[in-house]
Amino acid sequence: MPEPLLSVHGLVTGYGPNAVVEQVDLSLCPGESVALLGVNGAGKTTLVSTIAGLNPLWSGSMTFRGDTVTKAGPEARATMGISLCPEGRQIFTSLTVEENLLIGATPSRRRRPAATAAQVQERLARSYERFPILKERRHGGGGQLSGGEQQMLAIARALMSAPELLMVDEPSMGLAPAVASTVYGLLRELKREGLAMIVVEESSNRALGLVDQCIVLRGGRSVLSAPVGELPDHATLLEVYLGSSTSEEVTS
Amino acid sequence: MTGFLQVFLDGLSLGSSYSLLALGLTMVFGVLGLVNFAFGDMIVWTAFLAVELTSIGLPLPAVIPLTLVGSVALSMFVGEVVFRRVGTQNPLSLLLVSFGLSLVLVALAVQVFGELALMFPSPTALNTVLQVDGLQISMLSLVNVAVAAVILAALFVLLNRSRLGLALRATAENARTARLMAVRPKSMVRLSFAITGVIGGVIALLWFMKVGTVTPRSGLDITLKAFIALVIGGLGSARGAVAGGFALGFAEAALASWLPVDLRGLQQALAFVVVVILLVLRPQGIGGRLLDVSR
Amino acid sequence: MITLRLRADRDFGRVPFLLSIASPVLVSLVVVLAVLSLGFMLRGQKDEIILVFGINALLVVALQVFVGSTGIVSFGHMAFMAIGAYAAGIVSLPVGLKAALLPDLPGVLKTIELPMFPSLVVAMIAAAAAAAIIGPAIVRLTGPAAAVVTLGLLVIVNQVLRHAKELTRGTQTFSGVPKTTTFAWVFSALVLAVLVAALFKWSSAGLKSRMARDDPLAAETCGVNVTMARLVPLVLSAALTGLAGGLWAHYLTAFQANSFYVAQAVPVIAMLILGGATSITGGMLGAIIVSTWAEITRFLEAGFEVGSLHLAAPRDLGNLTLGLALILLVTSPASRDHGAERGDAEPCPACSADWPSSGDPELEVERIAQALRGPVW
């Protein structure tokens, strides 16, 4: 078994006095991808924000490429190659599309040489190649894009740092099914290129079609963790997903 | 026609000062959410520094850079020790803290420098008044406009053409997401206080060279001008701050020359009346983003 | 803040309601008694000090009516006080003096000489009218922009007062107002203000105001007119501030436009912050603390003899300490950490757009009050 890219052990975090994520373990090899599923409020967004460094770990530990990053801030983690495409896309509306991309290109890298101006330009060109629509709109405001375009910009921005782990929080939220399919087509392409990914979805067969592993969160705890091929049947999955109290309704 | 041109020239000169003032305020507001009531008092302290440096015998070419350094140091110190302790985007708490800071700065200045006005160093060359075709303009006004133009251009380049500027703007809009792009909010707050410090230093020199004397209580007037320009322009918008500054400058110049003599005392009040009317029509200011979503 | 919500949510009947009105009245009684004894201990001229305390308490209660129910911190309430003071002064100045001091008074003003009560009523009406005129501009804004505009209001009123020579003698001292402010007047006014504040707070208009303060959008969808919900407390608050101005005029007898300016606004704001923006009792406590401290520093600044030594505190000690207190109060860990305690399981995108531990900025003032454990009645 290869050395894991990301390894999270016993992660606990929350807001104020309330723990929101409790005792979650997660391990991801280079090029592997995970779907984080769960109902609204299960702690998915909190978990990926914590992995990105936006929330402190209350307990537990986290390593990335063998380095302990438990206490590192989001800035340090970004320079190490962890990239989060946040919930709600969070496009900088006062910046142009191109500026949004440029800000994504973090200048320095730990254990890797800093991205040179040439590299940044190369990545920019690569983004425009991948998303022609962004090239068209590059001098327009980031806030003038449609939802799908914003999602593409958010992913393109996250890719500008040439990350080794891309986390995407609800990529299909608020998008028309056809647009969501385009976004997932893109994610599949990124996976083929060997990028490790964590994809957060409330519930999506699309996500399951993309990933290798699946983790279901409920009430902040990991209630199921399995390779996609070994997932239980739909009814059981639903039961795990929603909790046992509703299982009778499902089976009856 | 001459009258109109004169008003234009005066307005340009006043407007450059006010634009810089409003820019100084808006830099920090964007990143930290602070409307700094103590801005004028910090500028007064910087001016006192220039007075003291001159009084120990330093020539002006040495006083100017040292004053700027002192201003940046004061601004960053205040940012670090006082404002960053409030820590989050809490405009009201920050405003109240700046109110307290203003009191402290004035009281300390009274202690250290006394209540009496001190002469501000002002080279005679700057006080000469040029006369062209019945138009009058002082050298100082020209310098004022030129310096403002240089600073505005430099800031424009910094904000729009450098990664640092992008990071500053990104943080101002959404600090949390900017952190994901490896932008440290702490560094951005420091940067904004440093920029404000440079602007404050420049204003301290230009403003008091024009006025001629400094007192510990000179700060209020500066703060009020800066506030008016800022609110006209709209909080948080650099472009708006510049527009607001020039709007105020031209308005004041026009009022000063066309207002009946017995109403001249109401200049500042009228400027605020204009602000009030403007805000009723357009609460977000000329170039600002809407702060209050409900209206 | 939290306590407040609980109180507001409770559906109380007549008796608890009367109790909730009675408690601030009782508190204001206790406050006045405490001040009475304190003044007695401090100096012989206790009456003077008590009157100043009482008027300060009235000012802070008046300010609270606005700040507490709109979340807008006003730096400009001194303007309403000035208007009240001049209005009361003009209508009550003896006719004989008017001929000498204000020969250019227009119309009926020249010939009237009102006693105390009507002159206070005029003060209230004048301040309220000013608020109703300027109010629509202020209440369209929130947060720092609103605060800046209230400051602008103060500047406008100050310059207009200094300019309107016919009414105010311009920059010269306005003098000769009958010295009729007594303990009974101040105390009655304070009780009235507390009653009005309490009644307003629990009235449907007050409830609407607090709805608009907490969430303007939500309030609007519930049919609340946000502009009115802010304008009503502003006018009410201005009327009470004008009352304080009238009492102040009849206490000082001589004053200038600059007796009501930025420097005078600071202590009142400090009282408010110290006591908590939403708590009337706390506000009065703040008034006591700040007024007492002002007396002490004035005493220290004047200097005193220890044996053969003359000791004097630095000039401006009052402002210096007041400023430091403001900074320390707001930046204290207690008031900072409070925001972090709130939070939802999965923050909405709009919330996560803020800085890590920030909440609603407009509620920050109340949060400070809460963190300071300012008593909430």
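No experiment lies behind these values; they were computed from the predicted model shown. Below, chains carry the letters A, B, ... as their sequence lines are ordered, and counting in each starts from 1.
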Checklist outcome for this item: Interface check, chain B: of V155(C), V160(C), N158(C), I72(C), most non-hydrogen pairs under 4.5 Å belong to V155(C)

Item to check | Aromatic plane relationship, F75(C) with F99(B) - under 30° parallel, 30 to 60° tilted, over 60° perpendicular | outcome: tilted

Checklist entry - Nearest heavy-atom pair of L96(B) and L326(C): which atoms, and what distance? => result O-CD1, 4.1 Å

Checklist entry - What closest approach, in Å, do G323(C) and V104(B) show between heavy atoms, and which atom pair accounts for it? => result C-CG2, 3.6 Å

Next on the checklist: So for L105(B), is it side chain, backbone, both, or neither that comes closer than 4.5 Å to the heavy atoms of chain C?
Outcome noted: neither

Checklist entry - Between Y261(C) and L220(B), does a side-chain contact (heavy atoms from CB on, under 4.5 Å) hold up when you go through it step by step? => result CA-CA 11 Å; Y261(C) 207 37; L220(B) 182 61; 4.0 Å; yes

Checklist entry - Taking atom CE of M228(C) as the centre, does the number of heavy atoms from other residues, nucleotides or ligands within less than 6.0 Å exceed 12? => result no

Checklist entry - With a 4.5 Å limit on heavy-atom distance, are the side chains of F37(B) and V262(C) in contact? => result yes

Item to check | Point-to-point distance, once rounded to the nearest 0.5 Å, from CD1 of I327(C) to OG of S98(B) | outcome: 9.0 Å

Item to check | Interatomic spacing from CG in L108(B) to CG in N319(C) - rounded to 0.5 Å | outcome: 11.0 Å

Checklist entry - With a 4.5 angstrom heavy-atom cut-off, which part of L317(C) approaches chain B: side chain, backbone, both or neither? => result neither

Checklist entry - V73(C) and L95(B): side-chain contact (heavy atoms from CB on, under 4.5 Å), yes or no, with the steps? => result CA-CA 9 Å; V73(C) 173; L95(B) 185 63; 5.9 Å; no

Checklist entry - Can you say whether V35(B) sits under 4.5 Å from chain C via the side chain, the backbone, both, or neither, judging by heavy atoms? => result side chain

Next on the checklist: Just so I know, are the side chains of V148(C) and L230(B) near enough to count as touching, which here means a heavy-atom distance under 4.5 Å?
Outcome noted: no

Item to check | Largest heavy-atom contact set with chain B, pairs under 4.5 Å, which of L151(C), I156(C), V157(C), I138(C) | outcome: I156(C)

Item to check | Region of V266(C) in contact with chain B, defined by heavy-atom distances below 4.5 Å | outcome: both

